[in-house]
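Reviewing the structure listed below.
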Amino acid sequence: MNLSILIPLLNEEESLQELYSWIIKVMQSNNYSYEIIFVDDGSTDDSWNIIENFSNENPNVKGIRFMKNFGKSQALHAGFAKAKGDVIITMDADLQDSPDEIPGLYEMITAEKFDLVSGWKKKRYDSVVAKNLPSKLFNWAARKTSGVELNDFNCGLKAYKNTVVKNIEVSGEMHRYIPVLAKNAGFNKIGEKIVIHQARKYGETKFGMERFINGFLDLITIWFLSRFGKRPMHLFGAMGSLMFIIGFFLAGYIGISKLYHMYNGMQYNLVTNNPWFFIALTTMILGTQLFLAGFLGEIILRTKSNEARYKVAREVNF
């Protein structure tokens, strides 16, 4: 199978028919073998009924319905697990991503041998203050932190080799950082393609300004996980040991200094009257806690179970 088109969605009943017809037109004009996977992330409108109608008339249309809204990352994770195409294309259901970009993305994966190609909405029709400027700042920070040179991490229109999506774990709200997850998994040929950005035709955006705050927090998380996710003891253990040693030697110096003054009949203060004693004690306690945090992190990594992060209510055509 050439293509899996994966579309996560939430309450997009107005745009689904137009999007579906547009994708089918592109598939037929390019003679692709394909599947379209709609992942309904807990919609409360008529989206799921529309998807079921598509699946009844076209066996290439498949659907996954969550019991409630679990988030875009979980929707992508569920779709990635089911996708069978050689190339997987992800796109949003709001018609802001153009299906006409699919052949170009497909060629970059198959002919130019990219592992992953991310869309870049260079010209945007969003609010400059509410979306464009925060997005530019966010993308700059993501480039500097991750080392992945992309201009638009947030673009939902991306293409992947099948082996990429089968070897990455998308959880939490990490869908923004799939290129970083792919790089950390060893897929280094990551490209970018300028794509058309269309103004939203129906409804309202499901994401507010909080997505940028969450995005920066997730960026810190993925930076930590990429460096120490498999070896937390290397960070916490090293920091804890260093702080404990500093506190221990400082406490030792205070004790030896008191004994020296006592032995030579010199005036001395009680250890508990010396503020450095409490600094040393606090440093040793913090060092011990950091060491234990690293130790517990190692235990959790070795005993964790891959518990499902979402519940599927229904599936069609799988």
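Below, all heavy atoms of this structure are taken into account, side chains as well, without hydrogens, waters or symmetry copies.
The hydrophobic cluster containing Leu286 also contains Met239, counting ILVMFWY residues as joined when their side-chain heavy atoms lie under 4.5 angstrom apart, directly or transitively. No continuous path of ILVMFWY side-chain contacts below 4.5 Å connects Leu292 to Ile285, so the two sit in separate hydrophobic clusters. Cluster annotation: Ile37 and Val312 are assigned to the same hydrophobic cluster (Ile/Leu/Val/Met/Phe/Trp/Tyr, side-chain heavy-atom contacts under 4.5 Å, transitive). Under a hydrophobic clustering in which Ile, Leu, Val, Met, Phe, Trp and Tyr are joined whenever their side-chain heavy atoms come within less than 4.5 Å, directly or via other members, Trp22 and Phe38 fall into the same cluster. Ile246 and Phe236 end up in different hydrophobic clusters when Ile, Leu, Val, Met, Phe, Trp and Tyr side chains are linked at under 4.5 Å.
The residues Glu101 and Lys193 are annotated as salt-bridged, a charged nitrogen and a carboxylate oxygen being separated by less than 4.0 angstrom. Taking the charged nitrogens against the carboxylate oxygens, Lys189 and Asp115 have no contact shorter than 4.0 Å, which rules out a salt bridge.
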*What's the verdict on side chain to side chain contact (heavy atoms under 4.5 Å, CB included) for Met27 and Ile102, showing C-alpha distance, side-chain angles and the deciding distance?*
CA-CA 9 Å; Met27 296 298 104; Ile102 291 174; 3.9 Å; yes
Practice item. Verify side chain to side chain contact (heavy atoms under 4.5 Å, CB included) between Glu18 and Leu95, making sure each step is shown before the conclusion. Key: CA-CA 8 Å; Glu18 185 174 341; Leu95 294 174; 3.7 Å; yes
Original post:
Stepwise, does the side chain to side chain contact (heavy atoms under 4.5 Å, CB included) test hold for Glu35 with Lys84?
Top reply: CA-CA 8 Å; Glu35 63 180 358; Lys84 296 179 179 178; 3.9 Å; yes
| message | One pair to check against side chain to side chain contact (heavy atoms under 4.5 Å, CB included): Glu57 and Tyr20. What are the steps and the verdict? | response | CA-CA 12 Å; Glu57 67 183 48; Tyr20 169 70; 3.5 Å; yes
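Although no hydrogens or angles enter the test, the distance criterion places a donor-acceptor pair under 3.5 Å between the side chain of Ser146 and the main chain of Val148. A donor-acceptor pair under 3.5 Å is formed between the side chain of Asn53 and the backbone N or O of Asn49. With hydrogens and angles ignored, the 3.5 Å screen pairs a side-chain donor or acceptor of Gln74 with a backbone N or O of Phe70. Looking at Ser257, its side chain never comes within 3.5 Å of a backbone N or O of Tyr253 through a donor-acceptor pair. Formation of a donor-acceptor pair under 3.5 Å by the Ser4 side chain with backbone atoms of Ala83 is not found in this model. In this structure, the side chain of Asp46 does not engage the main chain of Glu13 through any donor-acceptor pair within 3.5 Å. Under the 3.5 Å distance criterion, the side-chain polar atoms of Asn317 are matched with a main-chain donor or acceptor of Val61. Formation of a donor-acceptor pair under 3.5 Å by the Ser21 side chain with backbone atoms of Gln17 is found in this model. The backbone N or O of Thr110 sits nowhere less than 3.5 Å from a side-chain atom of Lys161 that would complete a donor-acceptor pair.
We find the CD1-NZ distance between Ile194 and Lys122 to be 4.5 Å, quoted to the nearest 0.5 Å. Expressed to the nearest 0.5 Å, how far CD1 of Ile24 lies from CZ of Phe54 amounts to 9.0 Å. Note: Lys166 NZ to Ile88 CD1 = 6.5 Å, rounded to the nearest 0.5 Å. Note: Asp94 CG to Ile7 CD1 = 10.5 Å, rounded to the nearest 0.5 Å. Asp40 CG to Ile50 CD1: the interatomic distance, rounded to the nearest 0.5 Å, is 10.0 Å. Expressed to the nearest 0.5 Å, how far CG of Asp152 lies from CG of Leu150 amounts to 8.5 Å.
For the pair Ala93 and Leu16, the tightest heavy-atom approach, listed with the atom from each and the gap, is CB-CD2, 4.3 Å. Between Leu9 and Glu12, the shortest heavy-atom distance links the atoms CB-CG, 4.3 Å. In this structure, Gly119 and Cys155 approach most closely via the heavy-atom pair O-CB, 3.2 Å. Nearest heavy-atom pair, Glu192 versus Glu149, reported as atom, atom and distance to 0.1 Å: OE1-O, 4.4 Å. The shortest non-hydrogen separation linking Thr283 to Met243 is CG2-O, 2.9 Å. Minimum heavy-atom separation, Ala159 to Ile89: CB-CD1, 3.5 Å.
Environment of CE in Met67: sparse, with no more than 12 heavy atoms of neighbouring residues, nucleotides or ligands closer than 6.0 Å. Summarising the local packing, NZ of Lys25 is surrounded by 12 or fewer heavy atoms from other residues, nucleotides or ligands at distances under 6.0 Å.
Checked against the 6.0 Å centroid threshold, Tyr106 and Tyr32 count as a close aromatic pair. Ring centers of Tyr160 and Phe187: at least 6.0 Å apart, outside the cut-off.
Ring-plane geometry between Phe153 and Tyr177 is classed as tilted, the angle between the planes lying from 30 to 60 degrees on a 0 to 90 degree scale. Relative orientation of the Phe248 and Phe244 rings is parallel, given thresholds of 30° and 60° on the angle between their planes.
Paired with Lys72 under the rule side chain to side chain donor-acceptor pair (under 3.5 Å), one option of Asp92, Thr90, Asp41 passes, and it is Asp92. Between His77 and the choices His175, Met174, Glu169, the side-chain contact (heavy atoms from CB on, under 4.5 Å) rule is met once, by Glu169. With Glu52 as the partner, the salt bridge (Lys or Arg N to Asp or Glu O under 4.0 Å) test is satisfied by one option alone out of Lys62, Arg65, Arg314: Arg314.
A donor-acceptor pair shorter than 3.5 Å can be found between the side chains of Ser33 and Asn2.
With Phe318 as the aromatic partner, Lys82 meets the cation-pi criteria of under 6.0 angstrom to the ring centre and within 45 degrees of the ring axis.
Looking at residues two or more places apart in sequence or on another chain, you find no ring-ring contact (aromatic ring centres under 6.0 Å, His included) involving Phe277.
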